[in-house]
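Single-structure report; data block below.
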2 protein chains.
Amino acid sequence: MAKSKPNSKPTMHDVAAAAGVSQATVSLVLNSAGGSRFSDETRRKVKDAVAQLGYRTNAHAKFLRDGLAGMVGFIGDSVATSPFAGAIIEGAQERAWEDGLLLLTMNTGGDKDLEAASLDAMLSYNVAGVVYGSMYHRLLEVPKALAGVPSVVLNSQDRAGHLPSVAPDEVNGGYSATRHLLDAGHTRVGMINIELLESGLPAAVGRYEGYTAALAEAGLDVDPALVRFGRGGEDDGYKYAMELMTAPEQPTAIFCANDRTAWGAYQAVADLRLSIPDDVSIVGFDNQAIVAPHLRPGLTTFELPFIAMGRRAVDLILQGAEPDGRVELMECPLIERKSVTHPKEMP
Amino acid sequence: MAKSKPNSKPTMHDVAAAAGVSQATVSLVLNSAGGSRFSDETRRKVKDAVAQLGYRTNAHAKFLRDGLAGMVGFIGDSVATSPFAGAIIEGAQERAWEDGLLLLTMNTGGDKDLEAASLDAMLSYNVAGVVYGSMYHRLLEVPKALAGVPSVVLNSQDRAGHLPSVAPDEVNGGYSATRHLLDAGHTRVGMINIELLESGLPAAVGRYEGYTAALAEAGLDVDPALVRFGRGGEDDGYKYAMELMTAPEQPTAIFCANDRTAWGAYQAVADLRLSIPDDVSIVGFDNQAIVAPHLRPGLTTFELPFIAMGRRAVDLILQGAEPDGRVELMECPLIERKSVTHPKEMP
DNA sequence: GCGTAGTGGTTATTCGTATTAGTTATTCGT
DNA sequence: ACGAATAACTAATACGAATAACCACTACGC
């Protein structure tokens, strides 16, 4: 009745002994269609023994035996820890769990050695695949060892163009943001963005492209007097919003390429004793949880679809993710708050 | 020479065949003190074969065979994804990796079923232990299944008092924050806190206790006119700072029990056309990355030692973490920025 | 009265690694 | 020159679960 080695966890043999059947019977009852070929009596005995001993299957034995994967690897520079993109891991995990898989995570802080070593460790667990996540959208070089296993670049793109990537649709985001202002009746829509060439950021480039596309569609030209490029901090937001709002021809709306610059813009507008949205409408980007909802008025902005992206990445992995270089762009939903209204009538 | 099953990963037997030695030799060369009992020639052959085949040890086989743990489990309500505490996972992971262990993470969003199921899955991997992390400091109920494995409550405390806990030292934090203001010469130090009884938050209770202790030590009484309790949002910070700064006897410094209320206080002070720190010094708490450094002036605050706590929790697990109910309080370091100075001379 | 089908199990083997206990040569001490 | 020690390596086994193959027995058709 009692376990042979009382200190160690019970095995199937212990359960079998307790139930008075063979180990194979236990396995079949537990796995194979509920052991329909066995008598009710036997099934009951097995289940009782399992419950009584607190038996739990040994995953190592299981996955060794049938070569399947029980986990998905997640390697990130600092995603997990980042206040921006933490949710990315949530989506990945959710999706993995739907297939009964756990997430094996590692953030490397960009350390290539650590990256290689931990990737190695993950591969030795025979993971179903590896998600290579990044804190912000960029073009990155992936470790070579990823070649041997299904893997997906998340919130970034493989510069070499081999691995499939899942990233936010920046162009469409910039388009939608601008369009949102246009639709509210604005015709003088400014933009405070991040340097295009210098930064090379897909977010900056893409959102600007969307901005120009939306203006063009509305029959408007980009007015250089209404556009500023900086480094994306709230100090830039302050400075450029101040410039724009004190220029001879002020915009009636500003699209800030991220919530931080929007925050800076809020401060500038406040210092000018102007009102948002009555004097100027503002749209941000990123839906930064700690900032956007708490500004006054609440900032209308676009959300990076972290959860959806995480889900999709694992999705691709579970489908076998060939290195086909595809780039899946995910839509950034509008989060409407109070910083946008129609323009005042011009006097 | 060639692998028997070309599609599957090479095993030690494949390496052995390629090197013309036995599997045991490969294992011994690879693990046992570098195989010092073997000839140089043999060692070289084995290593060449390993490199050529790209052999990687199968973790499942290894951990099945010797029953050791290769991973540490991390279960959180929403820690991983939270913009506040994401770093907690970083410390845990760092420490685990120092012992060659990976982190198996799951955030459950508070779902008890998911919690139980994923805990079960983790235990079946024979993890060295489980860190049960929480998004914010509170007293929580832990799942029963944790009893069977070394486990530690992180950034919270086991209400039942069984599991060891690692949490921030709120009392000392509140004391240090107040003391920092006192040391700058302030004698009228206000506090904007969260409801004590209603919330039951260790952060609110502890920081307040530290506040009163520091005042007492300086020979000062708590002046109820200088203390406010709310819900911890920036709107409360705004409202109460406004009250305090327009009262007959204004404080020359305010200790805000979190950065969000401090942010609100900043807005109130700005609306009153007063200056931080010249008219009033402000100390926050939490060192919220997206807010504290970007306020103007930068907010002097205290940091929750997430990385250190994460490290310590895994530390305890690797030491075998008995359910001794101990509570380890970790110090919150001062992050000095620009929101504190000495008080103006009274006219 | 014998083959056939079903019922209810069990036995033996496999996965990949680590390790104990040998085995076979070679060298050494006296 | 003979037993002992040493060097260099191998054979066999265990870890825990899954499963293919097999076995014993009953029931049934005709």
Side-chain angles (χ1 to χ4, degrees), chain A residues 3-5 7-46 49-50 53-70 100 121 123-126, chain B residues 3-5 7-47 49-50 53-70 100 120-121 123-126:
Chain A
K3 287 176 282 176
S4 39
K5 300 164 188 169
N7 290 331
S8 143
K9 340 208 156 191
T11 71
M12 258 191 190
H13 285 99
D14 299 323
V15 173
V21 300
S22 74
Q23 175 265 328
T25 298
V26 175
S27 177
L28 290 169
V29 166
L30 259 30
N31 302 314
S32 211
S36 45
R37 19 195 314 255
F38 292 92
S39 69
D40 289 353
E41 168 65 3
T42 298
R43 290 210 296 268
R44 198 193 46 69
K45 281 192 299 183
V46 167
V50 163
L53 293 175
Y55 167 77
R56 186 155 17 226
T57 184
N58 179 320
H60 291 311
K62 181 188 177 102
F63 292 119
L64 168 59
R65 152 75 216 200
D66 50 8
L68 298 176
L123 293 179
S124 71
Y125 277 103
N126 192 28
Chain B
K3 288 175 283 177
S4 39
K5 300 164 187 169
N7 291 333
S8 141
K9 339 208 159 195
T11 73
M12 258 191 191
H13 285 100
D14 299 322
V15 173
V21 299
S22 74
Q23 175 267 328
T25 299
V26 176
S27 178
L28 291 168
V29 167
L30 259 31
N31 302 314
S32 211
S36 46
R37 22 196 308 259
F38 292 90
S39 69
D40 290 353
E41 168 65 2
T42 297
R43 290 212 293 270
R44 198 193 45 70
K45 280 192 301 185
V46 168
K47 282 169 183 168
V50 163
L53 293 175
Y55 168 77
R56 188 156 15 225
T57 182
N58 179 319
H60 291 310
K62 179 187 179 106
F63 292 118
L64 168 60
R65 152 75 219 200
D66 50 8
L68 298 176
D120 215 74
L123 292 179
S124 72
Y125 278 103
N126 191 30

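Predicted model, so just to flag it, every value in this text is computed and none were measured. Here is how names work: the chains are called A, B, and so on, in the same order as the sequence lines, proteins then strands, and each is numbered from 1.
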Which whole-number value in Å describes the distance from [X] [atom1] to [N] [atom2]?
X     : N      : atom1 : atom2 : result
B/D40 : D/dA7  : CG    : C1'   : 13 Å
A/F38 : D/dT19 : CZ    : C1'   : 11 Å
B/H60 : C/dT17 : NE2   : P     : 12 Å
A/N58 : C/dG16 : CG    : C1'   : 14 Å
B/M12 : D/dA12 : CE    : P     : 19 Å
B/L30 : C/dA18 : CG    : C1'   : 12 Å
A/L64 : D/dA17 : CG    : C1'   : 9 Å
B/K45 : D/dA8  : NZ    : P     : 13 Å

Using a cut-off of strictly less than 4.0 Å, decide whether [X] has a side-chain nitrogen or oxygen near OP1 or OP2 of [N].
X      : N      : result
A/K62  : D/dG16 : no
B/T11  : C/dC15 : no
B/Y125 : D/dG16 : no

Is the backbone N or O of [Y] less than 3.5 Å from a side-chain atom of [X], with the two atoms forming a donor-acceptor pair by type?
X      : Y      : answer
B/R43  : B/F38  : yes
B/H60  : A/Y125 : yes
A/N126 : B/N58  : no

Atom OG of B/S39 and atom NZ of B/K45: how far apart are they, to the nearest 0.5 Å?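 If we round to the nearest 0.5 Å, B/S39:OG and B/K45:NZ are 7.0 Å apart.
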
Looking only at non-hydrogen atoms, find the nearest pair between [X] and [Y] and report the distance.
X     : Y     : answer
A/P10 : A/D14 : CA-OD2, 3.2 Å
B/Q23 : B/A16 : N-CB, 3.5 Å
B/V15 : B/V46 : CG1-O, 4.1 Å

Between protein and nucleotides 19-26 of chain C, what N or O pairs are separated by less than 3.5 Å?
unit_1 : atom_1 : unit_2 : atom_2 : d
C/dT19 : O4'    : B/R65  : NH2    : 3.1

Mind checking salt bridge (Lys or Arg N to Asp or Glu O under 4.0 Å) for A/R65 and listing every partner two or more places apart, or none if nothing turns up?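 A/R65 satisfies salt bridge (Lys or Arg N to Asp or Glu O under 4.0 Å) with no other residue.
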
With a 4.5 Å cut-off on side-chain heavy atoms, are B/M12 and B/L30 touching?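 A side-chain contact under 4.5 Å exists here.
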
At under 4.0 Å between heavy atoms, what does B/H13 touch on the DNA or RNA strands: base, sugar-phosphate, or nothing?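 It contacts base atoms.
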
If you look at every strand shown and take non-hydrogen atoms under 4.0 Å, does A/V21 touch a base, only sugar-phosphate, or nothing?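 Sugar-phosphate: the residue A/V21, judged by heavy atoms under 4.0 Å, touches backbone atoms but no base.
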
Ignoring the backbone of B/S22, work out which of C/dT17, D/dT10, D/dA17 is nearest its side chain.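 Closest of the options to the side chain of B/S22: D/dT10.
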
Can you tell me which stems DNA chain C forms, taking runs of 3 or more consecutive Watson-Crick or G-U pairs with both distances under 3.5 Å?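 Detected stem regions: C:1-30 with D:1-30.
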
